Amino acid sequence: MAKAPKTAIEPTREQDYPEWFQQVIKAAELAELSPVRGCMVIKPWGYALWENIQQVLDRMFKETGHVNAYFPLFIPMSYLEKEAEHVEGFAKECAVVTHHRLEPSPDGGLQPAGKLEEPLIVRPTSETIIGEMFSRWVQSYRDLPILINQWANVVRWEMRTRMFLRTAEFLWQEGHTAHATEAEAREETETMLKVYADFAENWMAMPVIQGEKTEGERFPGAVATYCIEAMMQDRKALQAGTSHFLGQNFAKAQKIQYLSDQGEETYAWTTSWGVSTRLIGAMIMTHSDDDGLVLPPKLAPKHVVILPIYKDDSREAILNYCNEIAEALRKQLFANRTIEVEIDDRDLRGGEKVWQHIKKGVPIRLEIGPRDMEKDAVFMGRRDKGPKEKQTLSRSDFIDQAVSILEEMQDNLYQRALEFREDNTKTIEDKETFKAYFTPKNKKKPEIHGGFARAYYVDDPELETFLKELKVTIRCLPFEEETKPGRCFFTGKETSQVAIFAKAY
RNA sequence: CGGAGCGUAGCUCAGCUUGGCUAGAGCGCUGCGUUCGGGACGCAGAGGUCGUAGGUUCAAAUCCUAUCGCUCCGACCA
């Protein structure tokens, strides 16, 4: 008899965090590498998560006055050239289309033919093409604001890729808005950041820190970039969403101008904001454990899986009993959806089946056999508890409590993640402590170390070098900080500016 | 683009140094049987132009040359 591993995922988080992450994705059947370098195939279980993310965010966008539209995948190269900083930021990672036809090649294969007059780039983001359209749509102050979102794929030709966190092609949502006044555009930027924070915390059960990016980390061409930053279980930071105040930079480059109510030709103020399939990576690394994926119930594709256990003679009765429970659950609402129930009647050994669902992160498992049926009960396992911590509940109690159990799990996940972040956030006042905090004991194979460092900070060229050596970045200048002044941990200068430092993805 | 490594069954890999049986194992897959309330076991089976193209040789997965691809580590990034 083969020994079952102690944990469903090997290696464990402690042993090798990056490898654990890959193995969770594999075991949960979220995605796999594709034949195309740097690209991944998102499998049904992973895509269902994305669909749930989309559904919730889409509603939030619409509630804040936005509408969806779709702009082309291909952008004329000259469009990108219009905004200098933007070019600099994205040029290196653009895929370029230079031909529009294939013809037989001498070696029997195919070769590109029909060279394009002007190369097209595959959008790395759509500010330029959308700006071009905005400039056509905006003539009067009465045409503003324009509040648009698009769900799309984008391509950034990255050197190094990691599933869900950084792939050459990824799915995302990009909001683009144009406003008559600076104040309104700034407010939009803040509103959308809050939408992201709300989504992260209340739907993904992932606590985030909201703040502003420093100049070096800003979106190319933006006046200000705001972000939500989350802590993963290896204590590294992950930027989970960004919102940019673009000022009039893009409006000037793309001539988005209008006649004001004073009859003056005026440039609009624009914003853009986005989240991507990276959120799935964030979700995995925030909640999952050494037995696989753990999903926040509000976003789980399935809430409950029922595993019937029967012999041939009891099959029909058990399945009927399971169906009754499933039907009762499906009538209930949880997080704006009916409870999603699957009865897994596949011809597989029970244990094997149970573990598959554990690895996929289904919140509630019900094992139902003759003993349970006799007692009019269910035998329940919860994904936020150990795989062996299971309990018997009467059928009616379970059905009555299902929604509150899911809610409780959602809260537990959030609390657990929040505590983890707080336990691994340290206020630092001097250089030596800072350095020690971010230096692993084992240089060759760094163990999980560090965390978030909260420190007073004054920009300084030497600080940048110092941080670079430690591979630490300034994640953000957080909002909601006390404003009493202190001393910069590095320069010793007095300031009231606090920053969050961390190693990051 | 720099550094390292790897291409042999669906997956993970052994075999290569020292060329030579019919190219192997584990997992997975198919069938049958025993099992089934915690990751099963037995038996039988399917599955490979050894990345590709040249070369050396009586003989190449193995040696040589070229080429393609991928993974990992750096510089860059949501």
Side-chain angles (χ1 to χ4, degrees), chain A residues 1-10 16 18-19 22-23 26-27 32-39 88-94 107 109 124-125 154-162 164-174 196 213 216-220 225 227-230 237-244 272-282 291-292 307-312 314-315 318 346-359 365-374 377-379 381 386-390 392 444-446 468 471 473 504-505:
Chain A
M1 191 147 110
K3 268 265 167 63
K6 287 188 287 289
T7 58
I9 302 297
E10 292 194 43
D16 186 343
E19 182 59 24
Q22 300 296 332
Q23 292 305 323
K26 190 176 171 187
E32 57 190 67
L33 286 175
S34 76
V36 184
R37 184 198 149 79
C39 297
E88 217 178 298
F90 286 106
K92 287 180 301 238
E93 51 194 59
C94 284
D107 64 9
T125 177
V154 286
V155 168
R156 296 182 187 175
W157 212 261
E158 300 287 353
M159 297 295 168
R160 254 170 78 44
T161 60
R162 302 189 66 181
F164 287 112
L165 301 178
R166 179 167 298 103
T167 46
E169 180 191 12
F170 57 95
L171 305 182
W172 78 344
Q173 146 284 310
E174 48 181 326
Y196 289 155
K213 286 291 187 191
E217 303 269 334
R218 213 174 271 156
F219 177 76
T225 287
C227 62
I228 52 172
E229 293 282 332
L238 183 81
Q239 178 176 310
T242 49
S243 182
H244 315 292
S272 67
W273 28 275
V275 297
S276 70
T277 37
R278 181 177 241 207
L279 288 179
I280 296 174
D291 286 328
L307 302 147
I309 297 158
Y310 52 76
K311 301 235 166 34
D312 284 343
S314 53
R315 181 187 146 93
I318 295 283
R346 289 174 303 161
D347 181 22
L348 275 181
R349 276 181 68 81
E352 172 69 17
K353 232 195 276 190
V354 168
W355 279 100
Q356 283 184 12
H357 294 289
I358 292 175
K359 287 186 279 194
R365 303 181 304 278
L366 295 182
E367 292 166 44
I368 293 182
R371 297 210 288 269
D372 309 288
M373 191 171 65
E374 255 167 55
V378 300
F379 193 47
K388 288 178 187 165
E389 261 179 80
K390 294 185 287 195
T392 294
K444 285 198 173 148
K445 189 171 173 292
K468 195 152 195 179
K471 293 184 185 169
T473 52
Y505 279 96

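Hydrogens, waters and symmetry mates are skipped; everything else that's a heavy atom, side chains included, is used. Being a predicted model, the structure only gives us computed values, none of them experimental. Naming convention: chains lettered A, B, ... in sequence-line order (proteins, then strands); numbering from 1 in each chain.
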query: Roughly how far, to the nearest 0.5 Å, is the CZ atom of Arg371(A) from the CD atom of Glu367(A)?
result: 10.5 Å

- request: Using the C1' atom as the reference point in each nucleotide, state the distance between rU8(B) and rU62(B) in Å, no decimals.
  value: 11 Å

- prompt: rU17(B) and rC64(B): how far apart are their C1' atoms, nearest whole angstrom?
  reply: 15 Å

- prompt: From rG37(B), rG74(B), rC76(B), pick the nucleotide closest to the side chain of Lys471(A)?
  reply: rG74(B)

message: Nearest whole Å is fine: how far is rG39(B) C1' from His357(A) NE2?
response: 13 Å

query: Under a 3.5 Å cut-off for both distances, is rC70(B) Watson-Crick or wobble paired, and to whom?
result: rG5(B)

statement: For rG48(B), the nucleotide meeting Watson-Crick or G-U wobble distances (both under 3.5 Å) is none

- request: Report yes or no: does Tyr310(A) contribute a side-chain atom to a donor-acceptor pair with the main-chain N or O of Ile368(A) at less than 3.5 Å?
  value: no

message: By the 4.0 Å heavy-atom rule, please label Phe219(A) as base, sugar-phosphate, or nothing.
response: nothing

- request: Give a yes/no answer on whether the side chain of Arg349(A) brings an N or O atom under 4.0 Å of OP1 or OP2 in rC36(B).
  value: no

field: Carboxylate-amine/guanidinium contact Lys213(A) Glu229(A), below 4.0 Å
entry: yes

message: Output the rounded distance in Å from CH2 (Trp355(A)) to P (rA40(B)).
response: 11 Å

statement: By the Watson-Crick or G-U definition, both distances under 3.5 Å, rU12(B) is matched with rA25(B)

task: Report which part of the nucleic acid Leu165(A) touches: base, sugar-phosphate, or nothing (heavy-atom distance under 4.0 Å, all strands).
output: base

- prompt: Relative to each other, are the rings of Phe219(A) and His244(A) parallel, tilted or perpendicular (30° and 60° limits)?
  reply: parallel

Pairwise C1' distance, rG31(B) and rU12(B) [rounded to whole Å]: 25 Å

message: Could you tell me the Watson-Crick or G-U partner of rA59(B), where both distances fall under 3.5 Å? Say none if there is no partner.
response: none

- prompt: With rounding to whole Å, what would you report as the distance between rG7(B) and rU52(B) at their C1' atoms?
  reply: 11 Å

message: Arg278(A) and side chain to side chain contact (heavy atoms under 4.5 Å, CB included): which single residue from Tyr505(A), Phe170(A), Phe164(A), Trp172(A) fits?
response: Tyr505(A)

query: Watson-Crick or G-U wobble partner for rG42(B), using a 3.5 Å limit on both distances?
result: rC32(B)

- line: Paired to rC76(B) by Watson-Crick or G-U wobble criteria (both distances under 3.5 Å) is none

- request: Describe the nucleic acid contact of Thr225(A) in one word from base, sugar-phosphate, nothing, applying a heavy-atom distance below 4.0 Å.
  value: nothing

message: What is the separation between atom CD on Glu19(A) and atom P on rC72(B), rounded to the nearest whole Å?
response: 9 Å

- prompt: Just to confirm, is there a sub-4.0 Å distance from OP1 or OP2 of rG37(B) to any side-chain nitrogen or oxygen of Lys311(A)?
  reply: no

- prompt: So does Arg160(A) get a side-chain nitrogen or oxygen closer than 4.0 Å to the phosphate oxygens (OP1/OP2) of rC73(B)?
  reply: yes

Between C1' of rA78(B) and CZ of Arg278(A), the distance in whole Å: 5 Å

Heavy atoms from other residues, nucleotides or ligands near CD of Glu19(A) exceed 12 (cutoff 6.0 Å): yes

- prompt: Are any non-hydrogen side-chain atoms of Gln173(A) and Val275(A) less than 4.5 angstrom apart?
  reply: yes

field: C1' gap between rC16(B) and rA59(B), integer Å
entry: 16 Å

query: Pick the nucleotide of RNA chain B nearest each of Tyr505(A) and Asp291(A); which residue has the one closer to the 5' end?
result: Asp291(A)

- prompt: P atom, rG24(B) versus rU35(B): distance in rounded Å?
  reply: 35 Å

message: Classify Gly369(A) by what it touches in the nucleic acid, base, sugar-phosphate, or nothing, heavy-atom distance under 4.0 Å.
response: base

task: Send over the distance from Trp157(A) CH2 to rA78(B) P, rounded to a whole Å.
output: 18 Å

- request: Give a yes/no on whether any side-chain N or O of Arg37(A) is located under 4.0 angstrom from OP1 or OP2 of rU71(B).
  value: yes

query: Nearest-Å distance, CG (Leu348(A)) to P (rU35(B))?
result: 19 Å

query: Rounded to the nearest Å, what distance is computed from the CD1 atom of residue Ile318(A) to the P atom of nucleotide rG37(B)?
result: 14 Å

task: Have a look at Gln239(A) and say if it touches a base, only the backbone sugar-phosphate, or nothing, with a 4.0 Å heavy-atom cut-off.
output: sugar-phosphate

field: Euclidean distance, atom CG of residue Asp312(A) to atom C1' of rU35(B) [Å, nearest integer]
entry: 12 Å

Nearest-nucleotide 5' precedence on RNA chain B, Gly38(A) against Lys468(A): Gly38(A)

- line: d(Arg37(A) CZ, Thr161(A) OG1) to nearest 0.5 Å is 6.5 Å

Whole-Å P distance, rU22(B) and rC27(B): 27 Å

task: For nucleotides rU56(B) and rC11(B), find the distance between their C1' atoms and express it as a whole number of Å.
output: 35 Å

- request: Identify the nucleotide, in any strand shown, that forms a Watson-Crick or G-U wobble pair with rU65(B), with both distances under 3.5 Å; if there is none, say none.
  value: rA53(B)

